[in-house]
Amino acid sequence: METFTNPHFPRNLSVAHVALFAPVNNAKDLRSRIIKAATLDGDEGEQERQAVNFAFIDARLITSRLHLQTAIYQAVMAEAQGALRTKKVHSEIVWILNPTNNITEALRRYGVSDTTRSLLVVRIDGPDLPAERAKKDMDAIISGETVPLDKLQDITEWNTVKKHYKLGQDTAILEAKGDSAREKVLINEIVISSVASKSIAS
Amino acid sequence: MPSASSNLIASAELISQGAEAKVYKAHIHSDTVPILVKHRFRKGYRHPTLDASLTRSRVAGEARALLKCLRAGVNVPGIRMVDATEGILGIEWIEGMCVRKLLPGGAEAETELSDADAVPFTGVDALMGLIGTEIAKMHLAGIIHGDLTTSNMILESSQSPRLVLIDFGLSYHSGLVEDKAVDLYVLERAFASTHPDSEPMFSSVLKAYEVRMGKHWASVSKRLDDVRLRGRKRSMVG
Ligand SMILES: Nc1ncnc2c1ncn2[C@@H]1O[C@H](COP(=O)(O)OP(=O)(O)OP(=O)(O)O)[C@@H](O)[C@H]1O
Ligand SMILES: [Mg+2]
């Protein structure tokens, strides 16, 4: 797990704990738990919502650390400005990662599905939540292994990213045909730039 | 409570102050990789509501043009953060030299480059070629820059020389031959007023532009002649 701190944000939003789980063995159960938590009443509901109080992101669609950091930055900024387009900062991260405005589609593509095998798990909080505690809370609901974030480069599915962003016909990508290293650099740059500017996308 | 963006700016290094915007070197995710932050500050002489919506649309316009260029393979900085409410656009920091300073007449006296290290990585002619090609790619993508000068181009100091276009604050979307011709004419005037004996340099720019534009060149070339003529008439009258 890694912890990013941004001193420019309000204290209660200044820390992001990020872990990459690969593989994940309980995606189906995790997904139904997340869905159920939203509808439970009373103390039990509160507890369940707290237990799944993370952004769960399908790691195959994330092209780099900066890609994820950019989505986190824009989501936290929206939260701090009272300008969330979704209910919570964690769902906002998932929404920002998807190129369209459709939240259901964002969760279906970028969130947990029954077949998810690798997950980036993000917790936005203040400095009072120690990293070990955040990690323990993640481990309590996910059965799998955590690996260093740099392992992302073996997990990214570039063709799926290309499809979601409709990059296939873009001149930049067509010109890089046959040079897969160059193509990845370009896809990563376009995707990061799209995430950064999602708030003003028409 | 101060906003995240005002904290960001407070911790950043001011590198240029224009009439419309202040430009900073700042850090968001990393202490080693900087970003460039352009802040379109509040204009006291404008009505606050109008000011806010104008600022917002300028930031949005610049970001959209950059994204369109990226998708079209035009060398421009990537986008790193946008806070349109506060008038802030964060983009990739390009490490390199402003083209104006690389050419005769462009550098301030004390920083004038000696012949030996003038135009690193590439010669003047090759540099002009890179400029023409990049502008053509941008025009073919339907983007008009609106403020083409040698200040708004950076020769990146990476492995292979890369010419990066910056400052899309006045850019717009257009496929019109007239708009492309005026874009080129603005650059021609900028060359003439900044760099002595610029004609051969600008012709090298046009030569590379022509190659990249292919069949689209003829109409732009003809229109550029018209625009030049209009410019001369205007200066005779005015
Ligand atoms: N991405 C970048 N990386 C590094 N330096 C940059 C970048 N963008 C701009 N600069 C530097 O900052 C200066 C001002 O940027 P820019 O032209 O975008 O702003 P501006 O407000 O329009 O300024 P001006 O009115 O002087 O044209 C540029 O001339 C250049 O030297
Ligand atoms: Mg400028």
Side-chain angles (χ1 to χ4, degrees), chain A residues 2 4-14 16 18 64-83 96 99 162 165-177 182-183 185-202, chain B residues 1-12 26-31 33 35 37 55-92 136-138 140-143 158 160 173 212:
Chain A
E2 286 189 35
F4 307 125
T5 304
N6 190 325
H8 301 147
F9 287 133
R11 188 180 150 82
N12 65 320
L13 299 168
S14 61
V18 179
S64 63
R65 176 187 303 252
L66 184 56
H67 179 199
L68 181 62
Q69 286 175 314
T70 304
I72 292 173
Y73 191 94
Q74 293 295 128
V76 173
M77 194 167 67
E79 165 81 319
Q81 293 175 334
I96 286 175
K162 228 161 95 175
Y165 274 89
K166 299 187 170 34
L167 299 178
Q169 291 311 306
D170 281 357
T171 314
I173 305 303
L174 291 172
E175 282 175 350
K177 226 181 184 104
R182 170 120 191 89
E183 193 188 48
V185 169
L186 292 168
I187 294 173
N188 184 44
E189 187 52 79
I190 293 169
V191 166
I192 292 169
S193 297
S194 304
V195 166
S197 55
K198 168 120 187 190
S199 62
I200 52 87
S202 39
Chain B
M1 195 174 49
S3 72
S5 294
S6 53
N7 288 336
L8 172 64
I9 282 175
S11 72
H27 294 268
I28 49 174
H29 305 301
S30 147
D31 295 335
V33 183
I35 64 167
V37 172
T55 299
R56 206 188 151 74
S57 66
R58 293 268 160 76
V59 172
E62 187 160 2
R64 285 193 198 116
L66 288 172
L67 194 53
K68 196 142 206 285
C69 283
L70 288 170
R71 281 181 170 256
V74 184
N75 297 334
V76 299
I79 306 168
R80 294 296 175 259
M81 54 85 60
V82 177
D83 183 353
T85 312
E86 301 257 351
I88 285 175
L89 176 64
I91 60 177
E92 180 190 2
K137 281 157 68 181
M138 177 185 71
L140 289 170
I143 301 285
S158 59
S160 55
H173 195 206
R212 189 69 184 209

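By convention in this document, chain letters (A, B, ...) are assigned in the order of the sequence lines, proteins followed by strands, and residues within each chain are numbered from 1. Remember, it's a predicted structure, so these values are computed and weren't measured experimentally.
We find that Glu175(A) and Arg71(B) are not joined by a salt bridge, their nearest charged nitrogen and carboxylate oxygen being 4.0 Å or further apart.
In terms of heavy-atom pairs under 4.5 angstrom with chain B, the leader among Ser199(A), Ala83(A), Ala196(A) is Ala196(A). For the options Leu66(A), Leu186(A), Val76(A), Leu174(A), heavy-atom pairs under 4.5 Å to chain B are most numerous at Leu66(A). Between chain B and the residues His8(A), Gln69(A), Glu189(A), the most heavy-atom pairs under 4.5 angstrom are made by His8(A).
With a threshold of 4.5 angstrom between heavy atoms, Ser30(B) does not approach chain A through any atom at all. With a 4.5 Å cut-off on non-hydrogen atoms, Ile91(B) does not touch chain A at all. Only the side chain of Leu67(B) comes within contact range of chain A, with at least one heavy atom under 4.5 Å from a heavy atom of that chain. Neither the backbone nor the side chain of Ser57(B) comes within contact range of chain A, judged by heavy atoms closer than 4.5 Å. Both the backbone and the side chain of Ile190(A) come within less than 4.5 Å of a heavy atom of chain B. Only the side chain of Gln74(A) comes within less than 4.5 Å of a heavy atom in chain B; its backbone stays farther off. Contact of Ile72(A) with chain B is not made at all, since no heavy-atom distance falls under 4.5 Å.
Taking CD1 of Ile192(A) as the start and CD1 of Ile79(B) as the end, the distance is 11.0 Å to the nearest 0.5 Å. Here CG of Leu70(B) is found 11.0 Å from CG of Leu167(A). Values are rounded to the nearest 0.5 Å. A distance of 13.0 Å separates NE2 of His27(B) from CG of Asn6(A), quoted to the nearest 0.5 Å.
Ser197(A) places none of its side-chain heavy atoms less than 4.5 Å from the side chain of Arg64(B). Counting only heavy atoms from C-beta outward, the side chains of Arg80(B) and Ser193(A) approach each other to under 4.5 Å. Between Pro7(A) and Asn7(B), every side-chain heavy-atom pair lies at or beyond the 4.5 Å cut-off. Looking only at side-chain heavy atoms (C-beta outward), Thr70(A) and Met81(B) stay at 4.5 Å or farther from each other.
Residues His29(B) and Phe4(A) keep their aromatic ring centres 6.0 Å or farther apart.
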* **Steps toward side-chain contact (heavy atoms from CB on, under 4.5 Å) verdict (Asp83(B), Gln81(A))** => CA-CA 10 Å; Asp83(B) 183 353; Gln81(A) 293 175 334; 3.0 Å; yes
* To do: Starting from the C-alpha separation in whole Å, work towards a yes-or-no answer on side-chain contact (heavy atoms from CB on, under 4.5 Å) for Ser5(B) and Met77(A).
  => CA-CA 9 Å; Ser5(B) 294; Met77(A) 194 167 67; 4.0 Å; yes
